[in-house]
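Naming: A, B, ... by sequence-line order, numbering from 1 per chain. Remember, it's a predicted structure, so these values are computed and weren't measured experimentally.
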Amino acid sequence: MSVPTSRVDQEMTSAPHPFVPAPSDGLPDDLFPEVTVARPRARKSSAPSTDKLLEGLNPPQQEAVLHAGGPVLVVAGAGSGKTRVLTRRIAHLVGERKVHPGSILAITFTNKAAAEMRGRVMDLVGNRAKLMWVSTFHSACVRILRSEIGRFHVSRTFSIYDDADSKRLMQLVANDLELDPKRFPVRAIMTWVSNCKNELVDHESARGRAAEGSVEASYAEAYAEYQRRLIAANALDFDDLIMTTVHLLQAFPDLREQYRRRFRHVLVDEYQDTNHAQYVLVRELCSADVEPGPETIAAEPPELMVVGDSDQSIYAFRGATIRNINDFELDFPGARTIMLEQNYRSTQTILSAANAVIGQNTGRKPKNLWSDAGDGAMIVGYVADTEHDEAQFVAGEIDRLSDADEGRYGDTAVFYRTNAQSRAFEEVFIRVGLPYKVVGGVRFYERREVRDAIAYLRAISNRSDDVSVRRILNVPKRGIGDRAEAAVADLANRERISFGEALRRIDDIPSLATRSANQLRGFVDLMDAHEAMVAEGAPADAILTSVLEASGYLAELQSSSDPQDQTRLENLVELVTVAREFVSGVAVLAAADDDVVEQAFDPAAELAALTASVEPRAGVRLAELPPEFDPLDPEQDLAAGAAEVDDSLGAFLERVALVADSDQIPSPDQESAGVVTLMTLHTAKGLEFDNVFLTGFEDGVFPHMRALNDPDELAEERRLAYVGITRARKRLHVSRAIVRAAWGTPQHNPASRFLTEIPDRLVDWRRTERAVTSWRNTSATTRSSQSWRSTVGYAAPKPKVREIPVLTAGDRVLHSTFGLGSVVATSGAGDDTKADVDFGSAGLKRLSLKHAPLEKL
DNA sequence: CAACTCTCCCTTTTT
DNA sequence: GGGAGAGTTG
């Protein structure tokens, strides 16, 4: 699924969307034209020999690939080829050891990583690998929950609430409970609840634990009410996905035993970033000493392999605990540990820097990464005056490297600690015309119009989804105000029904104005009509376009004069395209599944091979296995897959909820290869680039201010630095700015302690603080505070004396209000010279060169 | 009921 | 600087 990550990357590829007209043209007849989706290439290779699978691997890697028997912990340093090991191992299992692909569960950190791993394995062993479960914890849990509908309070159509939805719901709860927003900010309640869920503490236990009248008691009360409404709305939040699945398996031992028997191999990547709930899930599936239910027949637990690096644990803030990887041998007795210390990614210089920094962390198991790639280039260091200066250095350096043929744009990445820091880079990169792509940041799915559209779909698919229904109740404006909404909410509360149901009973609300009641009826009719479309099997994209038009949402945007609304329209078109690709993609997959069964499967033989590999425990006979569930039957999986396909809308919504924009990181083989990648250090995990720029190395920025006086958080920041450094293959650049604008005001920051931890002999300093200091002494004191502010603040300084630019068609220009544009044509001469400039979404303008605030780029 | 202004955070990091 | 939510006015 192709999702733009930000407005910016659209601009960089080609400003206007091909389906969106220039503003002056009016709208096309068909705003959402058909798009054909390419069928994915078929993968039909035969299983490779073991020799082939081990090719190019060092002994410990080979050992990991071939390991058979008990649990394994692979401690893999950065760049030691752990993904490769996992991929080859799965191929080995399927190809050589004849393990049924459907009995493999591989957990990756992102959906993107899952897709890549799946693709690589399929390249190695062919289409039958399609039956593997390769996904994130969250996706795997959704899949399990969907299959086990009816066992728990989860219905067929449930909404998955992301952080924004959860926050909105908690806001409603806090309002209704009249919690003092000063003492109990919604944000704090959310964190508290999330921690509870990660620790598998449900709302009743949380209530029981909290002392009467304590602060915790209020939190627990909010938790309970929040949970009640989630359940009423048929919704699960992110943490619920894991917690509910764990509780499900614990509550139904027979069910757990079915999954334990089904999955013969469980592999977990990035194990250092698992939280407690995820750890328990793994334990329930794989531990040898889980109590089977009284009536249940126990099988040998699946073979478990986890891969991770405790030095790369950077998600403690969301509940990840290093304990899981450090105590693996305690949790899974008899576990074997394999160390991968040879690094295949970076030069020795880069590794030495990484080792020196991470070595400052106390209480870690020492590890020494080494490389035989040679020393390579020195690390380049730069101390900038301001963040703009820093960005300029980075842009210039990228350009220089590109000219010297030392790194294409696509092999180059710029990392920073917080998303807000991307701004300075974007400004400078646009100015110098350096193509780039921001990953993360303001995300596609967080845009207001996209969220509105998704809310429509969710409301249609699940009328009990109060948060979604209420979000779009009066969007676009249809005369349903706070009063009307409150009246309906009142009825819902009184009758203990959902807001959506209350809407159907507006006749029971006498206080409602006739006009409001009519509008509400119209809204219900709109929803009903589209619910009927779903029932008739209309695909997600058709429902989306239909509801956008019927609701008047499109019309409102189209008639608006706000230029932002044009962008919103483009984003909606993009969303429709995403939906359409999804629908076609699912159809293609379903068709491909037929091929799989026909060409690659001999179900009887597969089943026989597998049954042989499932060793029942002593005293239990295989014949006693419950007959109704055959975890090894591929047909059941295909049937489950078909069930997902038949509800196109639900499947689409599920996908939308679970993808992250980091899943859109450009792969080397994508066309975006010619573009510099900008992202946060967290997003950078698992990636590698020839040239890496680590920026903002200032105490207070990185390490972040809030980590400065907490040793644990500081250690995590240092691991983040370690992750950043080890992303670089050939050349590493580190930089900091003396002055950085934060909240619109300049801030003076000292050098990051991490910077001083890199041995000086490894760094070639292009510019040091000394140069900066002398500059500050000569000029800074003489400036007025206002001009100083404009130098460091966000307002770009404009030259005082402006020359009339000489422009020809094709030139790129910057306009102070319209932004970036390209010259289409020029006319006139001398002072009367005019230029027609295309400003993309801002439109085509004819400007007088003498007067217009234009700058040639 | 909607449009407008004002104030208050905001900036950690994300499945 | 800027977005979201609250508060105020038409």
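- Side-chain N/O atoms of A/Thr683 include one lying less than 4.0 angstrom from OP1 or OP2 on B/dT14.
- Atom CE in A/Met705 sits about 11 Å away from atom P in B/dC10, given to the nearest Å.
- Look at CG on A/Asn419: it is 8 Å from C1' on B/dT13, rounded to the nearest Å.
- In this structure, A/Phe317 packs face-to-face on the six-membered ring of B/dT13, meeting both the 5.5 Å centre cutoff and the 30° plane limit.
- Using a 4.0 Å heavy-atom cutoff across all strands shown, A/Asp163 reaches at least one base atom of the nucleic acid.
- To the nearest angstrom, C1' of B/dT14 lies 14 Å from CG of A/Asp237.
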Identify each donor-acceptor pair in which a side-chain atom of residues 316-325 of chain A lies under 3.5 Å from a protein atom, sequence neighbours left out, and give them as a table.
unit_1	atom_1	unit_2	atom_2	d
A/Thr321	OG1	A/Arg323	N	3.1
A/Arg323	NH1	A/Asp327	OD2	3.4
A/Arg323	NH2	A/Tyr279	OH	3.4
A/Arg323	NH2	A/Asp331	OD1	3.4
A/Arg323	NH2	A/Asp331	OD2	2.7
A/Asn324	ND2	A/Thr274	O	3.2
A/Asn324	ND2	A/Thr274	OG1	3.0
A/Asn324	ND2	A/Asn275	O	3.4

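- As judged by a 4.0 angstrom heavy-atom cut-off over every strand, A/Phe109 is placed among residues touching the sugar-phosphate backbone only.
- Closest approach to the A/Ala420 side chain among B/dT15, B/dT11, B/dT14 is made by B/dT11 (side chain taken as heavy atoms from C-beta onward).
- Within 4.0 Å (heavy atoms only), A/Arg187 reaches sugar-phosphate atoms of the nucleic acid but no base atom.
- In this structure, the side chain of A/Arg727 engages the main chain of A/Leu687 through a donor-acceptor pair within 3.5 Å.
- Using modelled atom types, one side-chain atom of A/Asp165 and one backbone atom of A/Asp162 make a donor-acceptor pair closer than 3.5 Å.
- Look at A/Ser139 and you won't find any side-chain N or O under 4.0 angstrom from OP1 or OP2 of B/dT15.
- For A/Lys685 and B/dT14, the NZ to P distance is 11 Å, given to the nearest whole Å.
- Protein atom CZ of A/Arg470 is 16 Å distant from nucleotide atom C1' of C/dG5, rounded to whole Å.
- Here A/Phe702 and A/Phe754 bring their ring centres to under 6.0 angstrom of each other.
- Heavy atoms of A/Glu713 sit under 4.0 angstrom from at least one base atom.
- Summarising the geometry, the separation between NE2 on A/His138 and P on B/dT15 is reported as 9 Å, rounded to the nearest angstrom.
- Between A/Arg143 atom CZ and B/dT15 atom P the separation is 21 Å, expressed in whole Å.
- A/Leu658 places its CG atom 11 Å from the P atom of B/dT15, with the value rounded to the nearest Å.
- For an aromatic pair to be called close, the ring centres must be under 6.0 Å apart, and A/Phe415 with A/Phe425 fails this.
- Using a 4.0 Å cut-off between charged side-chain N and carboxylate O, A/Arg736 and A/Glu390 make no salt bridge.
- Residues forming a side chain to side chain contact (heavy atoms under 4.5 Å, CB included) with A/Lys477 (at least two apart in sequence, or on another chain): A/Asn474, A/Glu556.
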Output one letter per nucleotide in nucleotides 1-8 of chain B: B when a protein non-hydrogen atom lies under 4.0 Å from the base, S when only the sugar-phosphate is that close, - when neither is. SSS-----
